[in-house]
Amino acid sequence: MLRSKSGNALTGTLKFHPKGHAFFFPDMTDETNLATDLDLTAHSRIHIPRRDTGTALEGDRVLVSLQRPAPRRTVRTRTARLTDASEEVRGKVDEILSRRSGRLVGVFRKKGNFGWIECDDKAVDGIIDLVGDTTAQPGQLVVVALEHWNDATTTPRGKILEVLGWPGDPGVEMLSVIHRFGLRTSFPDDVLAAARGVPETPEPAEITRRIDWREQLVITIDPADAKDHDDAIWLEKTRDGWTLAVHIADVSHYIKPGSAMDREAIARGNSTYLVDRVLPMLPVELSNGICSLKPDVDRLTKCALLEISAKGETTKARFIDAVIHSRAKLSYEQAQAILDGKPAPVGAHPQLVSRVREGWKLAATLRRRRFQNGALDLDMPEIHIRLDEHGRAVAADPVIHTASHQLVEECMLAANEAVARILRERMKPAIYRIHEQPDPSRLMEYTETAKLHGYRPGDLTNARRPPAGLHFAHAAPAQPQKSLLSRRPRRPLRPGEKRLHPLHVSDPPLRRSGGPPRSPAAVRQPAAAPRPHAAASGFAGNLPSYLGHRTDLGGGRKRDQADQTF
């Protein structure tokens with residue numbers, strides 16, 4: 001139940017949807033929000049109709065009053081009559097507390113002595129009257145700072161800050177995206193100074209404190225053009241299965257809570273990957289330097305050491321601080337060639353081929369177990385845009401995840417699940433992601449669509465084994481409608497929701513990558529696009545303070561004991 005109007009006001013951030021309406025995300029730690037006694041978990045995302053967004057812009061911090069949900073409505077399908085149980089709470093923007101930037105991107109127009117900006121931003125969706133002079137030519141893209149807009153019924157007024165160039169020219173659209181979303185393209189001087197002050201090699205005292213893995217065959221598998229290598233693996237066949245070590249670059253050792261680099265990384269949130277560039281979360285001195293697990297140099301890592309049975313079950317896990325000396329840097333294409341029976345690159349470690357092939361056996365076992373336990377095959381078509389030397393798009397190449405991609409992915413998943421398991425068992429506060437049950441009415445629609453194409457899907461409402469109905473598209477020959485049907489399961493699935501303590505692990509897991517394991521030769525495809533990496537990605541981003549050092553840019557603090565077993 002919502003409280004009276006005087007007690008249901010929340011502060012938070014506004015995000016606009018491409019269709020024009022917006023979503024409000026209340027601040028979970030704001031004292032005023034907590035004082036309302038509203039269930040912030042239940043109201044973690046609130047719909048704001050277009051007419052109620054006022055003069056707010058994308059990313060603004062606003063004050064929103066909640067409104068009672070609309071009454072339930074009945075949904076008719078061919079086979080059933082269902083009640084829509086969404087009852088979505090709605091809100092209205094009452095006040096703009098602070099602007100994210102107050103900047104918009106639009107096209108400069110001019111007629112006679114009168115100039116204005118045509119803006120397609122969903123928050124404005126109209127024209128902006130021009131204040132002051134400009135050197136822009138009609139038709140050019142420009143960056144505008146709002147000068148005056150206090151009433152949604154009036155035309156906003158703004159001043160041109162920067163001329164980006166002509167639409168369609170190389171790089172102009174990317175600049176437009178950067179300004180439109182307020183992305184940071186440079187680092188403050190204090191952040192750069194701190195990054196350049198980090199030593200290029202680990203301190204001897206720190207190496208002595210850690211478990212030494214420098215003599216082991218630790219390898220990285222990344223895109224051929226990758227500059228940062230933030231994860232590495234080592235494995236060994238045992239009598240009962242495998243021992244797997246997943247190493248993640250220990251960014252936490254170099255970035256301490258409250259430092260200049262920490263504050264900047266929190267403000268950025270993540271690295272941003274555009275078609276022609278990367279806007280990193282950390283300065284390249286770290287992400288491409290001391291925090292990159294390059295071959296033939298010592299690097300500090302967080303390591304998940306897993307004992308895995310022949311059936312793919314993790315029977316034991318330890319988390320340790322380690323130091324490695326990577327022995328091989330493989331691209332996905334090189335790893336795939338080894339899996340296809342070809343030799344290793346010239347000068348490679350003599351055991352490299354056997355380890356990579358053994359890694360695929362482990363990954364295939366892990367993958368098979370995941371799908372037996374209910375993981376969904378949601379492998380969607382992916383496209384990589386290829387640019388020429390002038391920055392113009394010249395081709396759109398399909399991206400297919402090969403066995404070499406799956407090898408790395410399964411190892412990372414195993415480490416993540418081990419961390420999630422120990423967090424849950426010890427009831428430690430943590431952020432986790434859940435997927436709620438699909439909307440029954442949309443599952444009905446999907447079933448009817450599949451039947452129209454001659455398929456006989458199973459019971460899609462069976463919450464325990466949804467893949468029994470959703471994997472049917474893979475059993476049929478390739479047909480035009482197969483692409484349509486393979487996309488449709490995403491529609492009934494609500495967006496993943498992030499919640500705080502207590503921790504639970506999604507069961508069954510919903511994975512974007514698809515399908516049970518296939519033979520390496522069967523999945524050989526054209527070269528894949530670079531896999532996005534963040535400087536502190538992988539399981540290390542989930543390790544809390546009690547597992548050792550600070551392991552992500554929003555985590556805890558160092559403590560002495562860094563080796564935990566469960």
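Residues: numbered from 1 along the sequence shown.
R109 contributes no side-chain N or O that, together with a main-chain N or O of G115, makes up a donor-acceptor pair within less than 3.5 Å. Judged by distance alone, with hydrogens and angles left aside, the side-chain atoms of N33 form a donor-acceptor pair with the main-chain N or O of D27 at under 3.5 Å. Without hydrogens or angle criteria, W149 side chain to T154 main chain gives a donor-acceptor distance under 3.5 Å. In this structure, the side chain of D121 engages the main chain of A123 through a donor-acceptor pair within 3.5 Å. The closest donor-acceptor contact from the side chain of T55 to the backbone of A152 lies at 3.5 Å or more, if one exists at all. At distances below 3.5 Å, at least one donor-acceptor pair connects side-chain atoms of S271 with backbone N or O atoms of M281. In this structure, D52 contributes its side chain and P49 its backbone to no donor-acceptor pair below 3.5 Å. Panel note: side chain T449, backbone E445; a donor-acceptor pair is recorded below 3.5 Å. A distance-only check finds a donor-acceptor pair linking the side chain of D60 to the backbone of R100 [under 3.5 Å]. A side-chain donor-acceptor contact under 3.5 Å links R299 to the backbone of S292.
Checked for salt-bridge contact, R370 and E410 meet the test: a charged N lies under 4.0 Å from a carboxylate O. The existence of a salt bridge linking R210 and E206 is confirmed by a sub-4.0 Å separation between a basic side-chain nitrogen and an acidic carboxylate oxygen.
Residues D129 and T155 bring no donor and acceptor atom of their side chains to less than 3.5 Å of each other.
Ring geometry for H47 against H21 counts as tilted: the plane angle lies between 30° and 60°, on a 0 to 90° scale.
In this structure, CD1 on I96 lies 13.5 Å from CZ on R61, to the nearest 0.5 angstrom.
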